[in-house]
Amino acid sequence: MLMNTLKRTAFLIFCGLAWIKLAFAQEVKRPNIIFMMADDHAYQAISAYDSSLIQTPNIDRIAKAGMLFTNACVTNSICAPSRAVILTGKHSHINGKIDNISPFDTTNITFPQLLQTAGYQTAMFGKLHFGNNPKGFDEFKILPGQGHYYNPDFITPEGTVKVEGYVTDLITDMTLDWLENRREEDKPFLLMYLHKAPHREWEPAERHLQEFTHRTFPEPPTLFDDYEGRGTAAKTAQMNLLKHMNWTGDSKLYPATVEELGLRDFEKWGTGNFNHNYGRLNEKQKINWDETYVPINEAFKRDFPEMDSSQLMQWRYQRYMQDYLGTIAGVDENVGRLLDYLEQNGLMDNTIIVYTSDQGFYLGEHGWFDKRFIYDESFKTPLLVQWPGKIAAGSQNTKMVQNLDFAQTFLEAAGVNAPADMQGESLIPLLQGNDQEWTRESVYYHYYEYPGVHAVKRHYGIVTEDFKLVKFYYDVEEWELYDRKNDPMELRNVYHDPAYAETVKILHEQLSDLRIKYKDSEELDQFYISKSGKMP
């Protein structure tokens, strides 16, 4: 009886403190939250990080007005699992969304649900990637699955509709329409503004087709990487631009061109995707498409007989960059449209604005495209945050932060208690310049989708600002260690180097501690292997 009374008293105290915290937050006017996320947007393709490939003046505005994180990263570098981590504040092995195939467990409590319950007006527009009816949103219009670049379908509470136009523009149109016509001025809001671009198969807007297909981009120094000094995983991954990228859907060679030259797509869906995507174009769009890509096809047919493998690799890299970066130009323009609206309507001063990606992406580094690995171009993600009066303009931060941290950050900013089982750490101290309050020096990573597309082996690891220790498992058992400061391109596995023996020992201990902290284990590794039905 006494124990029950104590439990009831403790619960009432918790509720009372939560109410006081919420009331205080309301009194000081809770901030609006705008979460901007692109799909597969490499940090190398944002000029605030690196201006050698493209200028992104509008995305850069967020960094100039706020904070740029240089060590932001993900827990699992693949689209849908990353989004599940962001929504739940829990690692993949806890929320259950380990890969793009397994369903999202809708019993998970997400931070939008908690904000909605706390009085926030909530809306989502763009690409969620999983689920048809996102929980915790007053209004949503989302793409089914990967969605389409041209004349896309959108899932709405009233059903699925097809909308004429270019997807990046349309997502912004819907967002601005909501802000202008359905935003309740007496409520704070959470707005999730989620772009499909620059996801494969990289189809730029009509206005950018000619501009970008006539540009030449600098090659990364590791474009012709031979993976010497790395393990089995890097040598067997199927992400090589020359060998594994589709000629049709990816490089925009028409099926007739591919047939004439005797080429073959690595993935069987390439020609089908090309035909399907081309078939969605209206007549005007087809004219612009053909005016751009037919000359490229003709030039390739002329040059192909004389091209060696190195020249073909270089050609594929340029084709990739032209289309990939062309889609980003559309994202940057539309981010500018949204920022302009906020400024013109007095919505900047009390609004947290975040720009990020669901993970990083390879832009020819190591000869690759796609993501999945714990290696930096995949593991690291852009993160730019502004919050006037709270974040010093033009500031930078090097701390190891993750997509795991967004949920608790937003909840703290809104004065809402985070559930005890969330696993991240609020970024609020870092945003306010109080780095001494940050407790994390390392992050945990775990990738699961193998066997699968791109053949990146299962692996987990620990990453600090200085080092990266990785275990590959399932059909191999190999360890890798990279010195992030002295080998930033991660070209030399020093796990067996005697000079690093003490570092290996320390990181093994820390990795074991992280596995315990985040409730991961060998038993869970085997559970998810058995659940996939793909035993080694």
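Any value given below was found using the heavy atoms of this structure, including those in side chains, with hydrogens, waters and symmetry copies removed.
A 4.5 Å side-chain heavy-atom check between V85 and S92 finds at least one atom pair inside the cut-off. Contact check for I109 versus T88: no side-chain heavy atoms found under the 4.5 Å cut-off. Side-chain contact between W315 and L242 is absent, with no heavy-atom pair separated by less than 4.5 Å. Between Y43 and D50, the closest side-chain pair of non-hydrogen atoms is not below 4.5 Å. At a threshold of 4.5 Å between non-hydrogen side-chain atoms, the residues M192 and F125 do not count as touching. The shortest distance between side-chain heavy atoms of D405 and M400 does not fall below 4.5 Å.
Within a 6.0 Å sphere centred on CD of E441, heavy atoms belonging to other residues, nucleotides or ligands number 12 at most. Around NZ of K301, the count of heavy atoms belonging to other residues, nucleotides or ligands within 6.0 Å exceeds 12. Remark: E259 CD is loosely packed, at most 12 non-hydrogen atoms of other residues, nucleotides or ligands lying under 6.0 Å away. For CE of M489, the number of neighbouring non-hydrogen atoms (other residues, nucleotides, ligands) closer than 6.0 Å is 12 at most. For K505, the NZ atom sits in a loose shell: 12 or fewer heavy atoms of surrounding residues, nucleotides or ligands are nearer than 6.0 Å.
With no hydrogens or angles considered, no side-chain donor-acceptor pair links N334 and Y166 at under 3.5 Å.
Y150 does not carry R280 over the face of its six-membered ring by the limits of under 6.0 Å from the centre and within 45° of the normal.
Residues W368 and Y227 place their aromatic rings such that the two centres sit under 6.0 Å apart. Aromatic rings of H41 and H195 (six-membered ring for Trp) have centroids beyond the 6.0 Å cut-off, not under it. Side-chain rings of H93 and Y518 stay apart, their centers remaining 6.0 Å or farther from each other.
Of the candidates Y320, F300, F274, Y254, F300 is the only one forming a ring-ring contact (aromatic ring centres under 6.0 Å, His included) with W247. Under the ring-ring contact (aromatic ring centres under 6.0 Å, His included) test applied with Y473, the options Y460, Y448, W479, Y450 reduce to a single match, Y460.
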